[in-house]
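Data first, discussion second: the structure below is written as structure tokens.
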Amino acid sequence: MPKTSAIPGFYKLPINERVDKLKAFADLTDQDVALLRTSGALDFSIADHMIENVVGTFPLPLGIATNFRINGQDYLVPMALEEPSVVAAASNAARIAREGGGFTATATDSIMIGQIQVTDLPDLVKAKAAVLGHKRNLIDLANAQDPALVKAGGGAKDLQVRQLKTTMGPMLVLHLLVDCRDAMGANAVNTMCETLTPLVQELTNGRVYLRILSNLAELRRAHAEAVFPKSALGGEDAVDGILKAYAFAQADPFRCATHNKGIMNGVDAVLIATGQDFRAVEAGAHTYAATRKGGYQSLTHYERTPGGDLRGSIELPLAVGLVGGAVRTHPVAQLSVKILGVKTARELAQVAASVGLAQNLAALRALSQEGIQKGHMQLHARNVAIAAGAKGDEVDRIAEQMVAEKRVRFDRAQELLTKLREA
Ligand code: NAD
């Protein structure tokens, strides 16, 4: 029987039973399960080699979003983050998308752009012609640095030259286009760019300064779309509300910043769980949103289908990898990749894009209907109760009381805790 990510009531199960379901879905071993249950799963000896000046580790909750069906395949999606209601919202939107057949996602090849800045040029036109005339040698030289990438079918594919006017005079900027396959690619691309320095200086008679990849990975995009049936959204009015919320974001950067932040709530949580460089993706996503059509725009797009349902889509640069970076060193990141069952960086990008769309749909639906505070505060109330010192059963009792009173506040949680303990 095909495995299903639609597990009704997953959120109501105790942690142990959730883990049992996950174990069966993702064929986890007892060792994997033991790792999930270890809140200090990142060993100090590994942590100490990951960054500098290590004094500890910083655990985050790892949740599982249910209901995702992408390109006909079911996924349970690991999400690591501190914010309540994100995992629930993603699961809920994925359930609605599932009723419309699930997500369809694609991704481009893993082309990253490496930049080489050339300044102090005596003759810009000649320099540009010299670089383009030696394009093949430069590409071959870059590829000689990374036989493993070339063997995996990737490597430098093209070289472009741009001319920039800057406050420090005119410059040439070379763009080395590198197919990074299953790597995020920053190290691979930076190494290639650094290697080209002597030849570029010789060809241009200029001086090379910066050699580093661009996080505006506009050639490495993922696209996802889904039809959200109006019946599952709450009728025609609900579709209207979402379209108006979308129109608001398109017309106003103040709203659009928050709209795109909501998308990244989902994308980042998947990226953190799988050990990706989420800052790289954040930088790329927002710059893409700002440069694609001029002003800062939504990363998602919505329209009504002829039948009155809602079609949503998302497109954003997604530089992710399964080779290199933390994904290979962090045991929980490896486990998240196993849970997802993704085999390529492209597939991971498709999942992350689908989660971004689901997250955005859920936010727009909640905002245009009851507002997000009701659902959010219910979940947030537990955090407030914990912060006030509640333990075990006390957490839910105090949270429920605060929600019922519509007074989800730290001081109220303290009062309730004192009363409860006195009783
Ligand atoms: P990496 O160098 O560890 O791994 C990539 C290498 O793996 C390739 O160069 C290739 O030699 C090899 N490889 C083997 N099989 C492969 C396959 N199937 N597909 C692709 N490569 C294969 O890591 P990376 O991905 O080059 O760099 C990622 C790291 O760089 C991240 O940790 C990121 O945080 C960091 N970083 C980011 C920036 C930035 O975003 N601006 C800058 C510097 C460093």
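Start at 1 and go down the list; that is how both ligands and their atoms are numbered.
- Partners of Glu394 under the salt bridge (Lys or Arg N to Asp or Glu O under 4.0 Å) rule, at least two apart in sequence or in another chain, are Arg421.
- At distances below 3.5 Å, at least one donor-acceptor pair connects side-chain atoms of Asn67 with backbone N or O atoms of Ser91.
- In the model, His259 has no side-chain atom that pairs as donor or acceptor with a side-chain atom of Tyr246 under 3.5 Å.
- Evaluated for a side-chain hydrogen bond (donor to acceptor under 3.5 Å, both in side chains) with Ser5, the options Gln73, Arg98, Arg95, Arg69 yield exactly one hit, Arg98.
- Within the structure, salt bridge (charged side-chain N to carboxylate O under 4.0 Å, His left out) pairs that include any residue of residues 161-183 comprise Asp179-Arg181 (at least two apart or interchain).
- Applying the salt bridge (charged side-chain N to carboxylate O under 4.0 Å, His left out) test to residues at least two apart or on different chains, the pairs with a partner in residues 31-56 are Asp32-Lys338.
- Within 4.0 Å of ligand 1, counting heavy atoms only, the contacting residues are Asp146, Ala148, Leu149, Ala152, Cys180, Arg181, Asp182, Ala183, Met184, Gly185, Ala186, Asn187, Ala188, Asn190, Leu213, Asn215, Asp277, Ala280, Val323, Gly324, Gly325.
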